[in-house]
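Atoms considered below: every heavy atom in the structure, side chains included; atoms not considered: hydrogens, waters and symmetry mates. Since the model is a prediction, treat every value here as computed from it, not as a measurement.
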Amino acid sequence: MEESKTLTAEVFIDTGKDFRPEDSLKAVYTCTPGETVTLDFDLGVFEHTCGFRFDPLLEDSSMVKLLEITLTYQDGEQKTIDFGRIKTNSDVDFEPIFVYLHKDPKFFVDEALSLKLAGARVRFQVLELGVGDKEYWQEIKKHSVSEKEKEQLLGKLELSMNQNRDLEQENRRLKIEEADIYATGIWKLQHDARGPLKVIFGKGNLLVFLAAVYLALCSELFVFNNAYYSTPRPNDEVLVFSFLRFGMVWLGAFVLIAVIHGLIQKGYRRELI
């Protein structure tokens, strides 16, 4: 059977001047590890309360299981405080079990719930003493995550999820726009073109293609016009449009403009880098 220990708990009240030794109440109790301890504190001696702190023991590092903090107010109302409204300075957190590798364990009740207090009841268990001298607790502490770190990690996770949600919405919007653009003829022609047409209607080549057509037409019209007005010209000579000549001029113009365009783009990209 484990030996019982005599320990000291202390309640601090913030009367508007922070937590001070002169605004505290001590309670000596005896317990064995794992035994439930119930302590009642009369807070009527304090005229003004705006903060509540409970120190379960002052003698040693420890593992404490907090069972309940119930506050009684000056109007007679009693309220059992939710664990989400209680903060502690534990080194390892297994809520409601807290491990303290130092000799100053503390529980802080939310200030909004600590106004006009008349009394307090605290129920807890001291599960183990002297944990600060045990190496395995130091190892556990190294790999544990504090409440602040948890909040930071959860905040980063929530931010990433919101960003991912925004990206998904943007992706859906772009897909809709892509479908609308694809429905237009010229983009579809560029996208679905194969072989030589892929070169002609490919991205950046359409204007080159049109420019080459324009130059070839100008060349053919020049030849046609020059032949038409040349003198003398036999009356039986028929002037015809030469597709061969047009094609040769267009091909030469297309290749020349495409090469020049490519060199210009290459130089531009080099400047950006």
Side-chain angles (χ1 to χ4, degrees), residues 81-88 90-98 110-113 139-224 241-273:
I81 308 303
D82 185 84
F83 281 101
R85 308 294 294 273
I86 300 173
K87 303 296 182 184
T88 185
S90 63
D91 293 288
V92 183
D93 183 349
F94 301 119
E95 185 180 318
I97 298 175
F98 305 94
D110 192 325
E111 293 180 356
L113 301 175
E139 290 298 318
I140 292 174
K141 178 184 177 181
K142 290 179 183 178
H143 297 88
S144 65
V145 180
S146 67
E147 285 299 318
K148 184 177 181 179
E149 291 172 325
K150 287 180 184 177
E151 291 177 1
Q152 291 175 345
L153 290 173
L154 289 174
K156 290 180 180 178
L157 178 60
E158 184 178 0
L159 178 61
S160 297
M161 291 177 66
N162 290 335
Q163 291 176 341
N164 185 61
R165 192 178 301 111
D166 293 339
L167 289 174
E168 288 179 351
Q169 292 177 352
E170 181 67 12
N171 187 49
R172 284 195 295 268
R173 185 185 67 80
L174 291 175
K175 285 183 177 179
I176 293 173
E177 288 187 0
E178 179 185 349
D180 292 340
I181 294 172
Y182 184 77
T184 61
I186 192 66
W187 194 92
K188 187 174 182 180
L189 181 62
Q190 291 180 340
H191 184 271
D192 295 341
R194 296 291 181 271
L197 292 178
K198 190 72 173 179
V199 178
I200 295 173
F201 295 108
K203 185 178 181 181
N205 287 341
L206 185 59
L207 292 177
V208 176
F209 167 76
L210 295 175
V213 169
Y214 174 77
L215 291 177
L217 282 173
C218 288
S219 175
E220 186 63 23
L221 288 173
F222 174 78
V223 173
F224 185 87
F241 183 87
S242 176
F243 286 97
L244 177 61
R245 186 168 53 235
F246 172 82
M248 294 300 293
V249 174
W250 170 82
L251 181 60
F254 180 82
V255 172
L256 179 62
I257 296 173
V259 170
I260 296 173
H261 178 264
L263 291 174
I264 293 173
Q265 290 297 317
K266 185 176 180 181
Y268 177 70
R269 286 193 294 269
R270 187 181 295 113
E271 288 182 4
L272 289 179
I273 295 173

[atom1]-[atom2] distance between [X] and [Y], expressed to the nearest 0.5 angstrom:
{"X": "I86", "Y": "D110", "atom1": "CD1", "atom2": "CG", "result": "10.0 Å"}
{"X": "F83", "Y": "T88", "atom1": "CZ", "atom2": "OG1", "result": "11.0 Å"}
{"X": "E168", "Y": "Q163", "atom1": "CD", "atom2": "CD", "result": "12.5 Å"}
{"X": "K141", "Y": "D93", "atom1": "NZ", "atom2": "CG", "result": "13.5 Å"}

Checklist entry - Would you say the side-chain atoms of N171 pair up with the backbone N or O of L167, donor to acceptor, closer than 3.5 Å? => result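 No: the side chain of N171 does not pair with the backbone of L167.
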Item to check | R173 with E170: basic N within carboxylate O range, under 4.0 Å | outcome: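 Answer for the salt bridge query: yes.
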